[in-house]
Amino acid sequence: MTTSNVRVRFAPSPTGPLHMGGVRTALYNYLFARAHGGKFLLRIEDTDQTRYVEGAEDYVREALTWCGIEIDEGVVAGGEFGPYRQSERNAFYREAVELLLVSGHAYLAFDTPEELDALRKQAELDKNVFQYDASSRGGLKNSMSLSEEEVEALIENETPYIVRFKTPDIAEDITFTDEIRGNVTISSAVVDDKVLVKADGLPTYHLANVVDDYGMEISHVIRGEEWLPSAPLHIMLYRAFGWDAPKFAHLSLILKPTGNGKLSKRDGDAGGFPVFPIEWKDPKTGNMASGYREHGYEPEAFLNMLLMLGWNPGDDREMFTLEEAAKVFSLDKVVKSSARFSPDKARWFNEQYLRQKPMAELVPALIEIAGLQGITLDERDAGVVLKLMLERVTFLHEILEAKWLFGAPKHEDFDEKMVRKKWKPETAGYMSDLKTMLASTTLFKADEIESRFKSHLEEKDLSFGQVLLPFRLALTGAGGGPSMFEFAEFLGLETTLERLDFGTSMIEKMKEEQ
RNA sequence: GGCCCGUUCGUCUAGGGGUUAGGACGCCAGGUUUUCAUCCUGGUAAGGGGGGUUGGAUUCCCCUACGGGCUACCA
């Protein structure tokens with residue numbers, strides 16, 4: 001399928017930052033569109049003005065951009081089916097709801113929220129459930145129960161009213177084929193007379209969603225599982241309008257790494273991992289919520305991790321670029337059950353991507369983040385540091401935590417335990433001999449240092465452990481790290497000797513204190 | 001409570017009526033390495049329970065348990 005009429009949409013509500021589950025939904029939509037040569041649209045569902053959050057729409061776009069998910073059509077991108085912000089589409093909804101009113105598929109309701117609330121509470125007390133539907137609407141204040149004159153009078157008095165969908169009086173089974181789950185059947189009896197238009201004149205999700213998906217010629221609705229129970233309502237709406245319904249695919253949710261429930265916006269920072277793609281600052285409270293970008297994740301790694309959380313290619317591959325995934329993505333390989341998010345796996349993906357990145361990208365990236373911490377690196381040094389450190393870190397910024405790379409270790413930087421275990425009374429003497437040997441090295445290159453070091457040990461009849469580890473300790477303060485010969489070359493002869501002196505005396509002092 | 005969806009190693013998953021139930025993460029062990037990592041090799045570990053259907057079920061059906069979702073003039 002190269003040219004097709006596949007059109008899918010990601011339709012977030014600008015009520016706050018998008019969390020990783022939302023990004024996954026966007027990703028699957030995007031991949032599905034790409035796999036079928038279709039279009040991926042971004043629609044903003046901002047029909048609830050009370051929940052509108054400043055900056056949320058920009059956040060969504062920035063997050064998608066960071067991930068590399070490109071929007072073919074929608075807000076900002078534009079397109080012939082606009083506008084793509086529901087708050088700007090009210091004329092469409094008014095027109096649509098008129099159709100339903102005329103055909104008797106919808107009616108006006110005058111009950112106040114308080115009245116309905118009271119009914120719900122009472123029903124609960126009676127161990128019942130109140131549902132606004134065929135069984136109850138006759139006894140409530142609406143255009144189905146009231147006479148035409150009464151209704152007109154209420155409207156005349158500017159009594160607030162809403163529009164409700166009229167579910168069938170006689171229950172019928174609504175069956176549809178979910179592209180992921182197969183046939184799903186739900187009785188119309190369990191869907192209530194949903195509100196289509198609120199008292200403020202704006203549509204609810206259900207109406208806007210159906211009208212827009214139809215109007216924007218959406219072919220496949222790929223959305224979260226939380227919409228599965230209202231899918232029959234949507235089907236009934238399409239029928240009431242006389243429109244062909246799109247195909248549906250409901251994605252399972254992402255669960256918390258531990259414990260129960262779906263991953264929520266609050267799980268992140270408490271659990272030590274982000275739930276948001278990029279950092280979010282709440283405009284009201286000023287609270288910050290961390291993002292994968294700021295944690296140092298490569299966008300490719302973050303996205304690959306999300307991709308594999310609920311989809312697989314049918315074989316053992318698990319590393320995919322967006323382009324590769326777009327070639328093989330299909331809904332029938334989407335897993336039905338919910339997946340628990342694993343921070344460990346996310347880290348692993350980052351390591352994989354970091355290690356396969358070209359130096360041409362890593363060098364400037366390291367120089368930039370080093371600069372933010374006041375560390376000046378030139379290209380040569382950045383390259384060497386990367387070579388030394390890349391396979392020892394999960395995130396690029398972790399390289400900067402090895403402060404000994406950029407300056408002599410301070411007192412508090414020394415690994416006390418290592419010093420206690422590996423620095424013997426005779427060690428300072430070995431270091432002094434080592435210094436003499438190093439000072440006489442004509443070509444201060446790793447290979448040269450290494451071979452001279454080895455013959456030096458032979459000469460003195462010493463082991464690697466007796467000399468090399470203390471050497472590392474003196475220069476870095478740490479018990480582990482990259483090749484000391486390469487590191488020494490990186491420092492240069494002069495700095496190496498300085499650090500050796502400095503470290504030796506520092507450690508000797510520490511030993512006295514112990 | 002009602003309705004809907006789901007259930008394979010600790011986690012993500014493959015497969016699918018006959019398999020030593022495969023891979024990945026994690027963890028453990030060994031090897032490589034001056035150390036720490038990387039890398040390599042190996043190991044650990046799984047179809048909730050009960051009924052059917054079948055010559056044979058992890059795979060198909062039912063029940064149950066458990067998990068998740070929905071049940072607003074929110075999306």
Side-chain angles (χ1 to χ4, degrees), chain A residues 11-15 45-48 50-51 86 109 111-113 116-117 120 123-124 127-132 160-164 178 180-182 184-187 189-192 194-206 208-209 223-232 250 252-253 255 257-258 260-262 305 308-319 333 335-349 351 355 388-393 418 422 450 453-454 457 463-469 471-473 476 478-485:
Chain A
S13 177
T15 53
E45 310 227 326
D46 56 349
T47 55
D48 186 354
T50 63
R51 293 212 308 161
Q86 291 188 327
D111 320 88
T112 66
L116 295 175
D117 231 35
R120 283 193 191 96
E124 205 174 319
K127 298 218 186 278
N128 273 325
V129 178
F130 169 75
Q131 188 168 289
Y132 210 121
Y161 66 89
I162 60 175
V163 180
R164 282 181 186 274
D178 185 283
I180 294 168
R181 291 154 204 275
V184 177
T185 301
I186 298 175
S187 167
V190 302
V191 353
D192 61 348
K194 278 272 179 288
V195 176
L196 261 22
V197 180
K198 297 174 282 182
D200 63 6
L202 293 174
T204 57
Y205 171 84
H206 304 294
N209 176 261
R223 78 236 292 195
E225 191 184 20
E226 69 268 29
W227 295 110
L228 195 50
S230 51
H250 291 92
S252 61
L253 275 12
L255 271 25
T258 53
N260 301 327
K262 68 169 172 177
M305 178 275 290
M308 299 313 289
L309 209 57
W311 175 86
N312 69 80
D315 55 41
D316 288 342
R317 288 175 298 163
E318 56 181 346
M319 298 299 289
K333 289 289 181 191
V335 179
K336 296 180 184 69
S337 50
S338 319
R340 209 172 282 273
F341 164 65
S342 162
D344 272 340
K345 195 75 182 246
R347 293 167 59 83
W348 180 80
F349 272 111
E351 288 165 2
R355 283 164 205 160
L388 258 26
M389 298 301 291
L390 199 60
E391 64 195 26
R392 282 163 237 272
V393 296
M418 277 319 247
K422 303 289 178 181
E450 182 168 357
F453 186 87
K454 282 177 177 159
L457 288 187
S463 71
F464 266 99
Q466 285 172 295
V467 186
L468 194 73
L469 199 92
F471 180 39
R472 177 185 299 284
L473 228 30
T476 71
S483 154
M484 277 312 286
F485 308 115

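This is a predicted model, so every value here is computed, not measured. Just so we're on the same page: letters track the sequence lines, and every chain starts at 1.
- Within the 4.0 angstrom heavy-atom criterion, only backbone atoms of the sugar-phosphate kind lie near A:Lys333; the bases stay farther away.
- Nearest nucleotide to the A:Asn312 side chain, out of B:A14, B:C73, B:U11: B:A14.
- Counting non-hydrogen atoms under 4.0 angstrom, A:Pro12 reaches nothing in the nucleic acid.
- Note on A:Val335: only backbone sugar-phosphate atoms sit closer than 4.0 angstrom, heavy atoms only; bases stay farther off.
- Comparing the C1' positions of B:C60 and B:G10 gives an interatomic distance of 30 Å, to the nearest angstrom.
- For A:Lys198, the NZ atom counts as densely surrounded, since its 6.0 Å shell holds more than 12 non-hydrogen atoms of other residues, nucleotides or ligands.
- Distance noted for atom C1' between B:C73 and B:C66: 36 Å (whole Å).
- As rounded to whole Å, 8 Å separates atom C1' of B:G69 from atom CG of A:Leu228.
- Across all strands shown, A:Phe471 has no heavy atoms under 4.0 Å from either base or sugar-phosphate atoms.
- Within the nucleic acid shown, A:Val195 comes within 4.0 Å of sugar-phosphate atoms alone, with no base atom in reach, counting heavy atoms only.
- Side-chain contact of A:Arg181 with A:His250: a donor-acceptor pair under 3.5 Å is absent, judged by distance alone.
- The C1' atoms of B:U38 and B:A75 are separated by 46 Å, rounded to the nearest whole Å.
- Residue contacts for A:Asn128: at a heavy-atom cut-off of 4.0 Å it reaches no nucleic acid atom on any strand shown.
- Atom-to-atom, CE of A:Met308 to P of B:G23 comes out at 15 Å; the value is rounded to the nearest Å.
- Residue A:Arg181 places its side chain closer to B:C5 than to any other of B:C5, B:C74, B:G69.
- Side-chain proximity of A:Glu391 to the nucleotides B:A24, B:A37, B:G15 is greatest for B:A37.
- A:Tyr205 and A:Asp48 form no side-chain donor-acceptor contact under 3.5 Å, judged by distance and modelled atom types alone.
- Pairing for B:C3 is with B:G69, a Watson-Crick or G-U wobble pair whose two hydrogen-bonding atom distances lie under 3.5 Å.
- At the heavy-atom level, A:Thr185 lies under 4.0 Å from the strands shown only through sugar-phosphate atoms.
- On the P atoms, B:G17 is 37 Å away from B:G1, given to the nearest whole Å.
- We find that A:Glu225 and A:Lys262 are not joined by a salt bridge, their nearest charged nitrogen and carboxylate oxygen being 4.0 Å or further apart.
- Remark: B:U58 base-pairs with no nucleotide in the shown strands. Criterion, Watson-Crick or G-U wobble with two distances under 3.5 Å.
- Here the nucleotide nearest the side chain of A:Trp348, chosen from B:A24, B:C73, B:A37, is B:A24.
- Spacing between atom CG of A:Asp316 and atom P of B:U13 amounts to 15 Å, rounded to whole angstrom units.
- Taking atom CD on A:Glu225 and atom P on B:C3, their separation rounds to 17 Å, with Å as the unit.
- Closest to the side chain of A:Val184, from the set B:C73, B:G68, B:C4, is B:C4.
- B:G43 and B:A21 are spaced 15 Å apart, taking the P atom of each and rounding to whole Å.
- A salt bridge does not link A:Arg120 with A:Glu124: every distance from a Lys NZ or Arg NE/NH1/NH2 to an Asp or Glu carboxylate oxygen is 4.0 Å or more.
- Closest contact between the side chain of A:Arg51 and the listed nucleotides B:C74, B:C4, B:A24 involves B:C74.
- The distance from atom CE of A:Met418 to atom C1' of B:C36 is 9 Å, rounded to the nearest whole Å.
- Going from the C1' atom of B:G49 to that of B:U13 covers 24 Å, rounded to whole Å.
- Checking the phosphate oxygens (OP1, OP2) of B:A75, a side-chain nitrogen or oxygen of A:Thr47 falls inside 4.0 Å.
- Each of B:A72, B:C25, B:A75 was ranked by its minimum atom distance to the side chain of A:Lys345; first place goes to B:C25.
- Contact annotation: the side chain of A:Gln86 never approaches that of A:Leu202 to less than 4.5 Å [non-hydrogen atoms, C-beta and beyond].
- Between B:G31 and B:G15, the two C1' atoms lie 33 Å apart (nearest whole Å).
- Taking the side chain of A:Leu253 as heavy atoms from C-beta on, and the options B:G15, B:A75, B:G69, the nearest nucleotide is B:G69.
- Under the 4.5 Å side-chain criterion, counting only non-hydrogen atoms from C-beta, A:Met305 is not in contact with A:Pro343.
- When heavy atoms are screened at a 4.0 angstrom cut-off, A:Ile162 is found touching base atoms of the nucleic acid.
- Classified by interplanar angle (parallel below 30°, tilted 30° to 60°, perpendicular above 60°), the ring pair A:Phe453/A:Phe471 is parallel.
- Spacing of P atoms, B:A14 relative to B:A72, comes out at 34 Å, to the nearest Å.
- When Watson-Crick and G-U wobble pairs are counted only if both distances are under 3.5 Å, B:U19 pairs with no nucleotide at all.
- Base pairing annotation: B:U33 forms no Watson-Crick or G-U wobble pair, as no partner gives both donor-acceptor distances under 3.5 Å.
- A:Leu253 is listed as a side-chain neighbour of A:Glu226, based on a closest heavy-atom distance under 4.5 Å.
- Residue A:Ala339 has its side chain nearest to B:C12 when only B:C74, B:C12, B:C73 are considered.
- A:Arg164 comes within 4.0 angstrom of the backbone, heavy atoms only, and of no base.
- B:G50 has its base anti relative to the sugar, with a glycosidic angle deviating from 0 by more than 90°.
- Contact annotation for A:Thr204: backbone-only contact, meaning every heavy-atom pair under 4.0 Å involves sugar-phosphate atoms and none involves a base.
- The partner of B:G42 is B:C28, by the rule that a Watson-Crick or G-U pair needs both atom distances under 3.5 Å.
- At B:C73, one or more side-chain N or O atoms of A:Arg120 fall inside 4.0 Å of OP1 or OP2 (strictly under the cut-off).
- Remark on RNA chain B: of its neighbouring residues A:Asp192 and A:Pro482, the 5'-side contact belongs to A:Pro482, judged by nearest-heavy-atom nucleotide.
- As judged by a 4.0 angstrom heavy-atom cut-off over every strand, A:Gly261 is placed among residues touching the sugar-phosphate backbone only.
- One atom, NZ of A:Lys194, and another, P of B:C74, lie 11 Å apart when rounded to the nearest Å.
- Where A:Gly465 and A:Leu116 meet RNA chain B, the nucleotide closest to each residue was compared, and A:Gly465 sits on the side nearer the 5' end.
- A heavy-atom distance below 4.5 Å is found between the side chains of A:Met319 and A:Phe349.
- The CZ atom of A:Arg472 sits 7 Å away from the C1' atom of B:C36 (whole-angstrom rounding).
- Contact of A:Arg340 with B:U11 (side chain to base): no donor-acceptor pair of N or O atoms is detected under 3.5 Å.
- Comparing B:G6, B:A75, B:G68 against the side chain of A:Lys336 picks out B:G6 as the nearest.
- Distance, A:Tyr132 OH to B:A72 C1': 14 Å, rounded to whole Å.
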